[in-house]
Asks: 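Just dropping this structure here.
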Amino acid sequence: MASESWLTQFPEMERADLVAIRKALDGAYRDFSRSYGEVIEAVFDPLLYFLVWFEKLLLSSPWWVVLTVVVGLVYGASRSWKLSLGVVASFLAIGYFGMWENTMRTMSIITVCTLLSIAIGIPVGIWMARSNRARSIITPILDIMQTMPAFVYLIPVVMLLGIGKVPGVIAVVIYAIPPVIRLTDLGIRLVDKEVLEAAAAYGATPWQRLWSVQLPLAMPTIMAGINQTIMMALAMVVIASMIGVKGLGQPVLKSITNQYFTMGLFNGLAIVALAIMFDRVSQAYARRTQRHLGGAQNA
Amino acid sequence: MLEPQIRIEGLYKVFGDRAQSVMPMVKQGRSKDEILAETGHAVGLNDINLTINKGEIFVVMGLSGSGKSTLIRHFNRLIDPTAGRIMVDDVDVVELNAKELNQFRRQRMSMVFQNFGLMPHRTVLENVAYGLAVQGVDKVTRRDKASQWLDTVGLAGYGQQYPSQLSGGQQQRVGLARALCTDADILLMDEAFSALDPLIRSEMQDQLIELQGRLHKTIIFITHDLDEALRIGDRIAILKDGKLSQVGRPEEILLNPADDYVEAFVRDVNRARVLTAEVVMKPPALRLTTENLDEALKQMRGWKEDYAYVFYEDKYQGVVTQEAVEEACALSDATAPTLHDMAEEGPTVQPDTVLQDALPITLESEYPVPVVSESGEYSGTLSKRDMAEILAHSNVKSEDKSAEDIAAE
Ligand SMILES: Nc1ncnc2c1ncn2[C@@H]1O[C@H](COP(=O)(O)OP(=O)(O)O)[C@@H](O)[C@H]1O
Ligand SMILES: [Mg+2]
């Protein structure tokens, strides 16, 4: 019996105890989701309505209307003919290969996820930049969000809200929001101390300092965060399709299980095309609106 | 007359989380390094007491790390003191709450920064108008006023540029215009010209002096450059390790340095370029005001020198020699020239002439040169000897330790 001491064998907890703990936690969470699931779902209702409305809008509008609007936005943001033409070409190819509808679905969910991430992420980032305490609490949470395998937090989300668009959006936002938070915090902390002092010296309130100095000067960094957030959201589309988010992810998932290489490749390429478009447009927009920032900081 | 506007009393600043608990050590006179080693707290300012007068340019000078920036940031409380009072007129700045402090900063003080502190995303005009924008002044007034100040600093037409498109000197003019645009009566300038190259710096100094001649602000000017301090300062305070070494007029600092630290600073200064005739001159003497020749001769015989300065209705006329007066007295009244006719018009210098310019005049003149203001007022005489004494003195100590050596101690 001596050979079975804790020296040779890791002192594990009794199997029965472990099962009991799992059962207790799972049971508690199941009870929680049974009793509060509906309430929580109701909270997300407005989001669902918006998602459905937006997806319908993209799907029911004639393709050339959607294309015109998208190209208009691209040109407005980037002022680049080359980029706009590239976008036209990609969308025509996507439509020609029969992926128009899925692309519209993906675009709608990505747009909503991005807007939601920005709306939550920037204020949280600002809060982190202002309070070291908030920072020390939020940073480990972000670390968890970024390293925890997405499948793990899909489980409680699905248990709570079932399968569908809203849990999909929540999963994508959890996965994609850390960069915008981190880079908002970083950007604000990196703002030239003297410029901030100048604002204070002229009697600007904290709110005025935020709007007139901190956010504008942090904007290049924040934009880099938004850009990364969009990229991560797109990468999450395939995983989100596992819990019923329709779009380009589903055919990819189907291709994996059925070994349809070409179908997977085409849909994958469509995701890549969307990613490049979002990336280039947001970067061109950032460059265009911030061209005065660089020089003076070096001076 | 001199009217005190800012009074600083017993000001201490200790950097660190438990500043108050370190204060007793500071008050016991323990050194900055000891306190840092023992507690990890940096002593920024140590018992500062100052009075700054309305309308003067008050310069604070010291080596890097001596606490200059820390001191100036206390005036508008960008830094909060650990102990002490900062009175501006009848307001104790330390006691103001957040709202009052903002109001105070908007109306009473503006600030110019070493690296300009301009907002790169705003046009030059918007930068100048920033103080007004913060106050909620309407757009049209803001624009009018800002472009007026841009004109004043010589940047008319640059309003729509961005700071990054301007040179360093131009950017600091924008900084200056921004400071003037709020009409605050106190101007804080933290090494405002230190980042500029020498030529531009001296231009900016001239511009500041010229503007001050019109605006009569109270200016607190930080610099680590003694030449700059002497050039623009009405009074100078010298800071070392957070303590004041000396406060005084430029010539006091130059001629009577209070300790080795100040001494090391002033040693390399070219006195001839800084000191003025009025500092070196001897009190007025040998002044003939009478019209009567005999009377004049009697006065001159009583003096040691054989020449005198002639004044008529308080205006300086020239020099006469005793010999010439004696000759004139010998002539009959009708033919005798008046003192006025005899006065040889010689060179004069003005009270604010620097010695460098006064030197050739003094050397060429046969007699000590009278110091006479533009309005003809006689305030003293400048002799070759006095000048030699003052100027030679500055070279005697050149072999002493340099400023860096003393700072390193
Ligand atoms: N925020 C701070 N925290 C800790 N120490 C500081 C801080 N600011 C300044 N100090 C210290 O106070 C001293 C004076 O600094 P400063 O006022 O910037 O000097 P100067 O402007 O004369 O170069 C230095 O020793 C510096 O290390
Ligand atoms: Mg400094």
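Remember, it's a predicted structure, so these values are computed and weren't measured experimentally. Scope of the values below: all heavy atoms of this structure, side chains included, with no hydrogens, waters or symmetry mates. Letters A, B, ... mirror the listed sequences (proteins, then strands); counts begin at 1.
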Asks: So, for B:Pro120 and A:Leu217, which heavy atoms are closest and what is the spacing to 0.1 Å?
Replies: CG-CD2, 3.5 Å
Asks: If you count heavy-atom pairs under 4.5 Å with chain A, which of B:Asn102, B:Leu188, B:Leu101 comes out on top?
Replies: B:Asn102
Asks: Taking the side chain as everything from C-beta on, heavy atoms only, tell me whether B:His121 gets closer than 4.5 Å to A:Met219.
Replies: no
Asks: Are any side-chain N or O atoms of A:Tyr202 and backbone N or O atoms of B:Leu132, one a donor and one an acceptor, separated by less than 3.5 Å?
Replies: no
Asks: Locate the shortest heavy-atom distance separating A:Ala201 from B:Asn76; write the atom from each residue and the value.
Replies: CB-ND2, 3.7 Å
Asks: What do you reckon, is CG of B:Asp138 surrounded by more than 12 foreign heavy atoms closer than 6.0 Å?
Replies: yes
Asks: Of all heavy-atom pairs between B:Leu78 and A:Ala200, which one has the smallest distance, and what is that distance?
Replies: CD2-CB, 3.7 Å
Asks: Let me confirm one number: the CG-CD distance from B:Asn115 to A:Glu194, rounded to the nearest 0.5 Å.
Replies: 4.5 Å
Asks: Are more than 12 heavy atoms from other residues, nucleotides or ligands located less than 6.0 Å from atom OH of B:Tyr158?
Replies: no
Asks: Chain A heavy atoms under 4.5 Å from B:Gln114: which part of the residue, side chain, backbone, both or neither?
Replies: both
Asks: Measuring from A:Thr205:OG1 to B:Arg106:CZ, what's the distance to the nearest 0.5 Å?
Replies: 6.5 Å
Asks: Are there more than 12 heavy atoms of other residues, nucleotides or ligands under 6.0 Å from atom CZ of B:Phe15?
Replies: yes
Asks: Over all heavy atoms of both residues, which pair between B:Gly117 and A:Ala198 is shortest? Give the atoms and the distance, please.
Replies: O-CB, 3.6 Å
Asks: Within this structure, what is the CD-CG distance for the pair A:Glu197 and B:Asp190, rounded to the nearest 0.5 Å?
Replies: 8.0 Å
Asks: What part of B:Ala179 is in contact with chain A, defined as an atom under 4.5 angstrom from a non-hydrogen atom: side chain, backbone, both or neither?
Replies: both
Asks: Given a strict heavy-atom distance threshold of 4.5 Å, which part of B:Arg73 is in contact with chain A: side chain, backbone, both, or neither?
Replies: side chain
Asks: Contact part of B:Ser110 toward chain A, heavy-atom cut-off under 4.5 Å: side chain, backbone, both or neither?
Replies: both
Asks: Between A:Ser212 and chain B, with a heavy-atom cut-off of 4.5 Å, which part of the residue counts as in contact: side chain, backbone, both or neither?
Replies: both
Asks: Taking atom CZ of A:Arg288 as the centre, report whether more than 12 heavy atoms of other residues, nucleotides or ligands fall under 6.0 Å from it.
Replies: yes
Asks: What part of B:Phe113 is in contact with chain A, defined as an atom under 4.5 angstrom from a non-hydrogen atom: side chain, backbone, both or neither?
Replies: both
